[in-house]
Every structure is written in C-alpha cells, then in structure tokens.
S.K.: 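If you scroll down you'll find the structure; I have some questions about it.
All residue numbers in this chain count up from 1 along the given sequence. Keep in mind it's a predicted model, so treat the numbers as computed, not measured.
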Amino acid sequence: MTITDEDCLAETLAFNKQFEAAAANRPVREETPDAALLAALRRNRLGGDTPPVRLPHGQDRVVEGGVKVRVFVPDQVDGVYLHIHGGGWVFGSADGQDERLWLLAERARLAVVSVDYRLAPEHPFPAGPDDCEAAARWLVKHAAAEFGTQRLLIGGESAGAHLSVVTLLRLRDRHGITGPFRAAHLLFGPYDLSMTPSQRSFGSRRLLSNTDTLRRTYELFTPGMGAEERRDPEASPLFADLAGLPTARIVVGTEDPLRDDSLFLAARWQAAGAPVKLGVVAGAMHGFTLFPLTITERELRRERDFLAGTGR
C-alpha cells in the first residue's frame, strides 16, 4: 500500500471540512426518493447542482441487447476503455462526464465506451450488471472491427468500479472469457455490500458518502436482500474467486467509508495471482475526483498513465 499526496493533506482536509459544513445545511434525502425527486437529482452532474456538459465528440449508440453506450473516438486509438460510471447504481449517466472522458480518450489514445446501464430503484440488481456484461461482450466481439484494436481495458468509479469487477467475473464464469481485458482501473468501489468494517464504523459525517447513505443505496440496489444474501459473489465481488483477472490499479482515500473494500480487494487480487497497484490518497473522501482539487488533477493523470501504458 502506498499513501500518496501527503503534501496536499492540508488542502484536502480543508475541502472536506467545507463540504461537510455545506452539507449540514441541506436536507437529508428520503429513504426512497419519489420519481420527481429522482428525475430532478439525475439531471445534475454527480456531486454538483448543475447539469453536466455534453460534448459533440460523444456519440450515443445502442449495442447488442439494447444497451445504450456513449462512445468517444480520438484520432489515434491504441486501445478501448470500457468505462462504467458511478452514482450508487441510482444516479449518474454515460454522458455525465464528457469532458473528463474526452480528455482521457485524447491523451491516452483510447476509444472510450461508457455504459448507460439501467438504474435502481426502477431497475434493481441484476439489471445494471446485465447491461455492463452485454456491453463488454459486444466489445470482445466487435472492438477490432469497430476501433481497430483488441486491447481492452475496463474501469469506473464507485458503483462503476463494483460493476467493473462484477463484469470481469461474469465474462470469466459465464462465457469463459479471461484474455481480452488487459487491465482494470478501480476508483473507490464498494466490493462488499454486506458492509466492511470501515463502512460500518464511518458514521454519519456529511461527506459524499457515509454509513447511512451506503446502507440506503444497497437497499435500493438489492431490495429484499439481507446481509448474508448480499455476500453472494454475484453481488459482492470481494467474496468471489478472483483467479484469472487482469492487472488492476485500485485507488481509495483515507477518509472514505469504502477504504477497507479497496484494501481487502487488493490483497485478494494479488493473492489470486494478478499484479495490482494500490493507491491510498491522504485525506481524500469518497468521490474526490468529482471536485477541483490538486489530488484530483494528480489522480486523473495517474489514471491516464496507467490506462495508456498497461496491457500492451
């Protein structure tokens, strides 16, 4: 484990404090938001109060199985990155971070395919994983013809990191596919939906995520499941056999309730025989890459370098 960005700790902690103070003046969300509130919240970018910017570089497509994706293709393509957005399986969209994905596409020379998977609570588990699996299988079949390369990468943030691991496991277990995806980039994901110790002990701090918000999110995504059922590897990849998975880079902040998820997954990933890089960002809260911080600039650069250079 490497603790990074300790030189930015004062700035990072000051931002956390400011975020908590602002959150204290906002009402706590309902246990199950009604349709109107959900629609209003989904119009805005994650972590913000304004709609995301849609760039003309993004192309909306529908692939096999009726799954919607948003595609970014730079002039030079050395690989394809299957991106899965975060948002607790309830929020977010494939067009929610066009600026970041287009920058990644250009600088890492990657075609980026972002999955617009179905969201809970309207479409609970396993709808989201089903869509991500379908998009991944489409890429395995068609990446060479569509983008001129068979070098595939996968990754995402938060729920998107969870879905990335679930997708790799489904490809392996359901279809015998283990080779095409050369690397996984996993940012602050939840890998144990029955709740790791850090999730349970984090408490009610009004950062982007805490114990209460995680519990509500799991209830929306996996309604009717108890803790033991949520330990099923289909829902919680921390409990899966991780053999045959590709090289991974796993990142989390020290102030994230999902800290243990990344630490435990990295240990199990390595024990299963695959190379893994674990980065722990000093002072960073959950979802820190959504905000204009020095650690965000650094992390996005490290992400680009990893995706550009791995699996060649």
Side-chain angles (χ1 to χ4, degrees), residues 52-86 92-119 127-157 159-187 244-249 300 303-312:
V53 174
R54 277 178 60 94
L55 296 182
H57 309 89
Q59 178 187 10
D60 296 318
R61 296 184 57 180
V62 178
V63 300
E64 291 175 14
V67 176
K68 298 177 182 179
V69 297
R70 188 158 172 81
V71 181
F72 301 84
V73 184
D75 291 336
Q76 293 181 287
V77 175
D78 295 334
V80 184
Y81 177 48
L82 182 62
H83 171 258
I84 307 177
H85 69 79
S93 62
D95 64 356
Q97 43 189 321
D98 278 15
E99 293 164 307
R100 176 192 161 195
L101 294 182
W102 177 240
L103 187 64
L104 173 65
E106 285 196 303
R107 294 191 176 178
R109 296 183 177 181
L110 297 172
V112 177
V113 177
S114 190
V115 188
D116 211 19
Y117 57 90
R118 288 170 291 170
L119 299 174
D130 288 347
D131 291 348
C132 296
E133 176 189 352
R137 292 188 67 201
W138 175 77
L139 272 184
V140 171
K141 293 178 187 177
H142 300 291
E146 290 274 350
F147 306 108
T149 178
Q150 292 180 299
R151 175 178 167 252
L152 304 182
L153 313 159
I154 191 170
E157 314 83 39
H162 164 273
L163 290 168
S164 297
V165 183
V166 168
T167 298
L168 290 172
L169 293 170
R170 283 179 169 220
L171 292 177
R172 182 196 69 186
D173 296 342
R174 299 182 177 194
H175 311 289
I177 298 172
T178 56
F181 283 90
R182 315 281 182 84
H185 193 271
L186 308 172
L187 276 175
L245 298 189
T247 297
R249 181 169 184 265
L300 295 182
E303 176 187 51
R304 290 195 295 269
D305 291 346
F306 175 80
L307 292 172
T310 307
R312 291 183 173 276

S.K.: Going from CD1 on I154 to CG on L168, what distance comes out if it is rounded to the nearest 0.5 angstrom?
M.R.: 4.5 Å
S.K.: Hey, mind stepping through R170 and H175 against side chain to side chain contact (heavy atoms under 4.5 Å, CB included) and telling me if it holds?
M.R.: CA-CA 7 Å; R170 283 179 169 220; H175 311 289; 5.6 Å; no
S.K.: For the side chain of Y117 and the backbone of H85, is there at least one donor-acceptor N/O pair under 3.5 Å apart?
M.R.: yes
S.K.: Is it the case that the side chain of R151 and the backbone of T310 share a donor-acceptor pair, with hydrogens and angles ignored and the cut-off at 3.5 Å?
M.R.: yes
S.K.: Nearest 0.5 Å please: distance from the OG1 atom of T167 over to the CD1 atom of I84.
M.R.: 4.0 Å
S.K.: If you compare all heavy atoms of A183 against all heavy atoms of P246, which two are closest, and at what distance to 0.1 Å?
M.R.: N-CB, 3.7 Å
S.K.: Salt bridge check: are R70 and D95 linked by an N-O gap of less than 4.0 Å?
M.R.: no
S.K.: Evaluate the side-chain proximity of D60 to K68: yes if any heavy-atom separation is below 4.5 Å, no if none is.
M.R.: no
S.K.: Could you list the donor-acceptor pairs under 3.5 angstrom formed by side chains in residues 137-144, with sequence neighbours left out?
M.R.:
residue	atom	partner	partner atom	Å
K141	NZ	E64	OE1	3.4
H142	NE2	E64	OE2	2.8

S.K.: Could you tell me how the ring of W102 sits relative to the ring of F72: parallel (under 30°), tilted (30 to 60°) or perpendicular (over 60°)?
M.R.: tilted
S.K.: Within a 6.0 Å radius of atom CZ on R109, are there more than 12 heavy atoms belonging to other residues, nucleotides or ligands?
M.R.: no
S.K.: Are any of the side-chain heavy atoms of S164 and L186 separated by less than 4.5 Å?
M.R.: yes
S.K.: By the definition side chain to side chain contact (heavy atoms under 4.5 Å, CB included), identify the one residue from L101, V80, V73 that meets it with V113.
M.R.: V80
S.K.: State, with a plain yes or no, whether a side-chain heavy atom of L163 is found less than 4.5 Å away from one of P129.
M.R.: yes
